[in-house]
There are 2 protein chains.
Amino acid sequence: MTKKRQAYYTCSMEAALNVIGGKWKLTILNRLLTGPKRYGELHRSVKGITEKMLTQQLRELEEDQVIARTIYPVVPPRVEYAFTQSGEKLSDVFKALEIWGSNFQHRINPISGNADHDKSCYVLNEEAQPDQLIHNP
Amino acid sequence: MTKKRQAYYTCSMEAALNVIGGKWKLTILNRLLTGPKRYGELHRSVKGITEKMLTQQLRELEEDQVIARTIYPVVPPRVEYAFTQSGEKLSDVFKALEIWGSNFQHRINPISGNADHDKSCYVLNEEAQPDQLIHNP
DNA sequence: GGCATTTCTTACAAAAAAGTACGTACCGAA
DNA sequence: TTCGGTACGTACTTTTTTGTAAGAAATGCC
C-alpha cells in the first residue's frame, strides 16, 4: 500500500484502515506485540515479505507514528522497531480483530484446526470460541 | 479488492483484514450499522462509489457471510442488504477502529475539527477524546 | 585489499484492484 | 410503444500495489 497517504478522511475508520491496511502491516505489527524487533528479525519472522516491502511498510507505519525507529550507531547497523504509545493502543483493535477473525475462520472452515497456524502470530489467551454456524434461511 | 479470497490464513487477523479490507468495505458496512439498506440507498450514501464496485463489494461481503441479501420479487426490483449475526459482531471491531482512528486523526491533524466529517458515518456516542500529542524523543 | 554483515535504495516488471462506459432485464404507466 | 426506475453485468482501461533483482554504505577482520 504505497497508498495516497492522505491526511484527511471523512471517517475515522477509513483513517484507521489506511494505517492498518496493506498486505503486510498487520503481520508486522503483530510481531511487534511481543516487544521491539530488529529489521532482520522482522524479515525472518514475517515470512514471504521482501526487504523492499518490509522497509516500505515500516516507513509508513513510522510516518503514521504507530511505530518508532531506533538506530544504533554501530557497524554493521542495528535498527530496532517498536510500538509508540499510540501504536500500543492498537492492541484493542487487534484483540477485536483477532476474536472476530477467529470466529470467521471457524465458520468458513470449521474442520481444520490451527494446523498451519503461524506460531509467531499473536493469539489471544482467552479462548475465542467459534460461534455457531449461521445458515442462510 | 478482487483479492485472492483464499479460505486459509495463517493468522486470524489476516482473515479479518481480508474481509474488511478494500477501499469500500468499511464504508459500506458502516452504513449498514444503522439498519438494512437498499442497493440504491447505499449507492447514494457511499459517495464516490461506482455501481460496479458497490455490487462487487456487496457480493464479497455476502460470500463472507458478513451481510445478507434479500430480494423482494417486485418490479422495479427491491434488494436489501443487512448484517448477518456474524457481521453484527464486527461492531466491536468497528468501535475499536473508530476510537483509535479518531485519536489518530486528531494526532495527525489536531487543528481541523470534524469540518468535513461525513455525516452519514457511524460515530460512537461516547466522546473519543484525542490523546496527547506524542513527540519523538 | 577483499570479504562479511546489516539495513536499506532504486529501477523496472508483474499483478491486483479500481474506474469507465455501456448494456440488460423486468413490468407497469403514459 | 416507448419510457422510467432499480439493480445489476461485462469488456476494457487506468491506477495502485506488490514483487524482482541488483547495488550501496560503513567498518572490523583476515
Side-chain angles (χ1 to χ4, degrees), chain A residues 1-7 9-10 14 17-29 31-32 36-64 67-82, chain B residues 1-7 9-10 14 17-29 31-32 36-64 67-82:
Chain A
M1 234 187 213
T2 312
K3 67 191 180 187
K4 286 154 285 174
R5 304 197 65 66
Q6 62 215 145
Y9 307 91
T10 54
E14 284 173 43
L17 191 64
N18 259 307
V19 176
I20 270 183
K23 190 170 175 185
W24 304 101
K25 295 268 176 78
L26 270 186
T27 315
I28 292 170
L29 293 175
R31 297 306 185 276
L32 294 179
K37 296 279 175 298
R38 295 186 57 177
Y39 179 87
E41 288 183 274
L42 287 172
H43 189 214
R44 281 186 297 278
S45 166
V46 180
K47 65 177 185 175
I49 197 171
T50 61
E51 297 191 337
K52 176 198 155 192
M53 274 297 116
L54 180 55
T55 304
Q56 187 180 298
Q57 308 282 290
L58 287 170
R59 287 291 178 286
E60 293 183 5
L61 288 169
E62 193 192 351
E63 196 182 318
D64 289 335
I67 64 174
R69 182 163 170 254
T70 310
I71 305 168
Y72 296 88
V74 295
V75 170
R78 174 190 179 86
V79 180
E80 275 190 4
Y81 295 90
Chain B
M1 231 186 217
T2 313
K3 69 189 181 190
K4 289 155 284 176
R5 302 196 68 63
Q6 62 212 147
Y9 307 91
T10 54
E14 284 172 43
L17 192 64
N18 259 307
V19 175
I20 269 183
K23 191 170 175 185
W24 304 102
K25 294 269 177 78
L26 269 186
T27 315
I28 293 170
L29 292 175
R31 299 305 186 275
L32 294 179
K37 296 279 175 297
R38 295 186 57 175
Y39 179 87
E41 288 183 274
L42 287 173
H43 189 214
R44 282 186 296 279
S45 167
V46 180
K47 65 176 185 175
I49 197 172
T50 61
E51 298 192 336
K52 176 200 155 190
M53 274 297 115
L54 180 55
T55 304
Q56 187 179 299
Q57 307 284 289
L58 287 170
R59 287 292 177 286
E60 292 183 4
L61 289 169
E62 193 193 351
E63 196 182 317
D64 289 336
I67 64 174
R69 181 161 170 257
T70 310
I71 305 167
Y72 296 88
V74 294
V75 169
R78 174 190 180 85
V79 180
E80 273 190 4
Y81 295 90

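A quick note: this is a predicted structure, and the numbers were derived from the prediction, not measured. Chain identifiers are assigned alphabetically (A, B, ...) following the order of the sequence lines, protein sequences preceding nucleic acid strands; residue numbering begins at 1 within each chain.
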Exercise. Identify, between A:V75 and A:G48, the residue whose nearest nucleotide on DNA chain D lies closer to the 5' end.
Key: A:G48
Quiz item: What pairs with A:R44 under side chain to side chain donor-acceptor pair (under 3.5 Å), at least two apart in sequence or on another chain?
Solution: none
Exercise. State whether A:K23 places a side-chain N or O below 4.0 Å from either non-bridging phosphate oxygen (OP1 or OP2) of C:dA16.
Key: no
Self-check item: For atom CG of A:L54 and atom P of C:dT9, their distance in whole Å
Solution: 11 Å
Quiz item: To the nearest Å, how far apart are B:I71 CD1 and C:dA25 P?
Solution: 17 Å
Self-check item: Per-nucleotide protein contact string for nucleotides 6-14 of chain D (B base, S sugar-phosphate only, - none; heavy atom under 4.0 Å)
Solution: BSBSBB---
Exercise. Measure across A:I28 and A:Q57 and return the closest heavy-atom pair with its distance rounded to 0.1 Å.
Key: CD1-CB, 3.6 Å
Practice problem: Please list, chain by chain and in numerical order, all residues satisfying side chain to side chain donor-acceptor pair (under 3.5 Å) with A:T55, sequence neighbours excluded. | Solution: A:Y39
Quiz item: In whole Å, what is the span from the NE2 atom of B:H43 to the C1' atom of D:dG5?
Solution: 14 Å
Practice problem: May I ask you to decide whether A:R31 forms a salt bridge with A:E41, counting only side-chain N to carboxylate O separations under 4.0 Å? | Solution: no
Exercise. List for me each residue that meets side chain to side chain donor-acceptor pair (under 3.5 Å) alongside A:T70, sequence neighbours excluded, and say none if there are none.
Key: none
Quiz item: Of all residues at least two apart in sequence or in a different chain, which pass the salt bridge (Lys or Arg N to Asp or Glu O under 4.0 Å) check with A:R78?
Solution: A:E80
Quiz item: Rounded to whole angstrom units, what separation is found between the CD atom of A:Q56 and the P atom of C:dT7?
Solution: 18 Å
